[in-house]
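Below you'll find the structure, written out as structure tokens, and then a few comments.
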2 protein chains.
Amino acid sequence: MEMRRADRIAETLEGLIFSGEFSDGDRLDEHRLAERFGVSRTPIREAFQRLALSGLVEAIPRRGVFVRQPGIVELMDMFEVMAEFEGICGRLASSRISDDALAALNDANARCREAVEAGETDAYYRENERFHHIIYRQSGNAFLEGEASRLHRRLKPFRRVQLQLRGRLMQSMSEHEGIVKALTDADAEAAARLLREHVAVQGEKFHHLMASLKSAAE
Amino acid sequence: MEMRRADRIAETLEGLIFSGEFSDGDRLDEHRLAERFGVSRTPIREAFQRLALSGLVEAIPRRGVFVRQPGIVELMDMFEVMAEFEGICGRLASSRISDDALAALNDANARCREAVEAGETDAYYRENERFHHIIYRQSGNAFLEGEASRLHRRLKPFRRVQLQLRGRLMQSMSEHEGIVKALTDADAEAAARLLREHVAVQGEKFHHLMASLKSAAE
DNA sequence: AGAGCAAATCTTGTATACAAAAACATTGAC
DNA sequence: GTCAATGTTTTTGTATACAAGATTTGCTCT
């Protein structure tokens, strides 16, 4: 099956939720969305199931589907797990990583640096993502790679906010370099620790996240 | 939404796949299943989506859905991640666990011991599950708890095979006791290490898993 | 007889029609 | 005026009908 149409709709809806067009608690009306997308209710419902499984909406039987943005507590939990994922990937990758991948990491990092110097947040964001995906892949565990990618993707909109923190880009950059060094030296524990700390939400990052959530809730 | 009917069907299908009625590569026919369950194709398709998201079947567009049992490599990857999950839960729980939960763990362990002595594999299996779920919960991270439970559930049929290993029950028991001790002492690193090793597939366990997979493939 | 093409058949994906349940509003009683 | 009960109206869940793509079969041509 798969229904390409439903897939496209799911993606679009995801975007609409992230962009804030639909916010927490909103009910998603099948009829309205069907009209809006010019399709019947069927593909809309299929799209809903996708979103429900990825946790973006909650489906209450005989009531409808509701947008469900994670609260601060859930978000912190998710970041905590993400940090652990990164750490595990790093630890495993430190002994399994290939020379090509190390080169690719350095390459991604170089582009990151260019983006920072040019002040291009979007470019930095893109290369940062590439950097992390390489490490997931080099964990040598396809299942872990999938799970890490899934959660990374889910946290995307919130991380984006974080990276806009002034001065954060530069710090993030230097952390990347430490991580590459640990991986190059095959220092498993250092790679795990640095990656965990790189992603962990603490200190100033925490307050910034709180603030962004509050403003989004208005 | 949620469709109670589709839910029941998804569960039933899951059971049929685990029980071996449908095996790897089989196509699941919508018409046939609809007839068999006495419903229309719609709920069957909804059930398929659930199964696809939990990874039990693969949906190929315009081709159909196919049962997709994990191979040995994928399975090892999943067990590796499960071991890490357990370790993380243990590390977090060691500082967050409540006295009530510790009592519950001891209780579950006592029942485990009874089951071992009575030779009741099923009872042991049930209590073992309870034991682990308590630890997931006590990680104090609801998201982590959910992810760990999900993977635990997915690996259920394979773990069951493992526990039938002669003498494994006894060893598993003593490992449980070590874990409870580490948690009681709030020894984070010991709890993490013991739980990781408890779940990790290595040595004899690996060979047994291999053998069970081969026999299932026939 | 075998390869290639075309028509028929089967299967998936989508739309619509229908049934049941929940939300809503109106009416009536206290 | 408020609360409850009942009837109306949405809205979800399911069935069926229809359309488009894939597969298979059989025919033709070499």
Side-chain angles (χ1 to χ4, degrees), chain A residues 1-18 20-70 150, chain B residues 1-18 20-70 150:
Chain A
M1 63 176 146
E2 165 145 0
M3 306 129 259
R4 319 167 295 307
R5 216 161 312 196
D7 253 336
R8 265 195 30 249
I9 291 168
E11 266 180 57
T12 309
L13 280 176
E14 202 176 286
L16 290 177
I17 292 172
F18 285 154
E21 172 145 357
F22 298 110
S23 43
D24 193 60
D26 285 2
R27 190 175 70 83
L28 296 177
D29 189 296
E30 293 181 1
H31 276 290
R32 275 245 262 284
L33 290 171
E35 242 178 71
R36 173 164 177 174
F37 288 106
V39 297
S40 80
R41 279 172 53 215
T42 313
I44 300 288
R45 288 172 63 85
E46 310 249 356
F48 281 172
Q49 290 210 327
R50 308 282 172 96
L51 298 179
L53 263 294
S54 77
L56 262 111
V57 303
E58 189 180 9
I60 301 173
R62 298 271 179 202
R63 300 290 299 271
V65 313
F66 299 83
V67 176
R68 172 135 172 55
Q69 294 282 35
R150 210 168 55 96
Chain B
M1 65 175 150
E2 163 145 0
M3 306 130 255
R4 320 169 294 306
R5 215 161 312 195
D7 253 336
R8 265 195 31 249
I9 291 169
E11 267 182 55
T12 309
L13 280 176
E14 203 176 285
L16 290 177
I17 292 172
F18 286 154
E21 172 145 356
F22 299 110
S23 43
D24 192 61
D26 286 2
R27 189 175 71 83
L28 296 177
D29 190 298
E30 293 181 2
H31 276 292
R32 275 245 260 284
L33 289 172
E35 244 178 69
R36 174 165 177 174
F37 288 106
V39 298
S40 80
R41 279 172 54 216
T42 313
I44 299 288
R45 288 172 63 84
E46 311 251 355
F48 281 172
Q49 290 211 326
R50 308 283 174 98
L51 297 180
L53 264 293
S54 78
L56 261 111
V57 303
E58 189 179 9
I60 302 175
R62 299 266 179 206
R63 299 289 299 273
V65 312
F66 299 83
V67 176
R68 170 132 174 57
Q69 294 281 36
R150 212 167 55 93

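No hydrogens, no waters, no symmetry mates; every other heavy atom, side chains included, goes into these values. First the proteins, then the strands, lettered A, B, ... as listed; each starts at 1.
B/Ile9 places its CD1 atom 10 Å from the C1' atom of D/dT14, with the value rounded to the nearest Å. B/Glu46 places its CD atom 11 Å from the P atom of D/dA15, with the value rounded to the nearest Å. Between the CD atom of A/Glu35 and the P atom of C/dT16 there is a distance of 12 Å, rounded to whole Å. Remark: P of C/dA23 and CG of A/Asp29 are 15 Å apart, rounded to the nearest angstrom. Summarising the geometry, the separation between CD1 on A/Ile60 and P on D/dT11 is reported as 16 Å, rounded to the nearest angstrom. The distance from atom CZ of B/Phe48 to atom P of C/dG13 is 10 Å, rounded to the nearest whole Å. Distance, B/Phe66 CZ to D/dA22 P: 13 Å, rounded to whole Å.
Distances shown here put a side-chain N or O of A/Arg27 below 4.0 Å from the OP1 or OP2 atom of D/dT11. Under 4.0 angstrom from either OP1 or OP2 of C/dT16 there lies no side-chain N or O belonging to A/Arg41. Of the side-chain N and O atoms in A/Arg63, none sit less than 4.0 angstrom from OP1 or OP2 of D/dT12.
Checking B/Leu28 against B/Thr42, the closest nucleotide of DNA chain C that is more toward the 5' end is the one next to B/Leu28.
Judged by distance alone, the side chain of B/Asp24 and the main-chain N or O of B/Gln69 form a donor-acceptor pair under 3.5 Å.
When each of C/dT12, D/dT11, D/dA15 is scored by its nearest atom to the side-chain atoms of B/Pro43, the top-ranked nucleotide is D/dA15. When distances are taken from the side chain of A/Arg45 to each of D/dT11, D/dG13, C/dG13, the shortest belongs to D/dG13.
Counting non-hydrogen atoms of neighbouring residues, nucleotides and ligands closer than 6.0 angstrom, the CD atom of B/Glu35 reaches no more than 12 such neighbours.
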For this session: Please step through side-chain contact (heavy atoms from CB on, under 4.5 Å) for the pair A/Arg8 and A/Phe37, ending with a clear verdict.
Result: CA-CA 10 Å; A/Arg8 265 195 30 249; A/Phe37 288 106; 5.5 Å; no

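Here B/Arg32 lies out of heavy-atom contact (under 4.0 Å) with every strand.
Considering only heavy atoms from C-beta on, A/Arg45 stays 4.5 Å or farther from B/Thr42 through its side chain.
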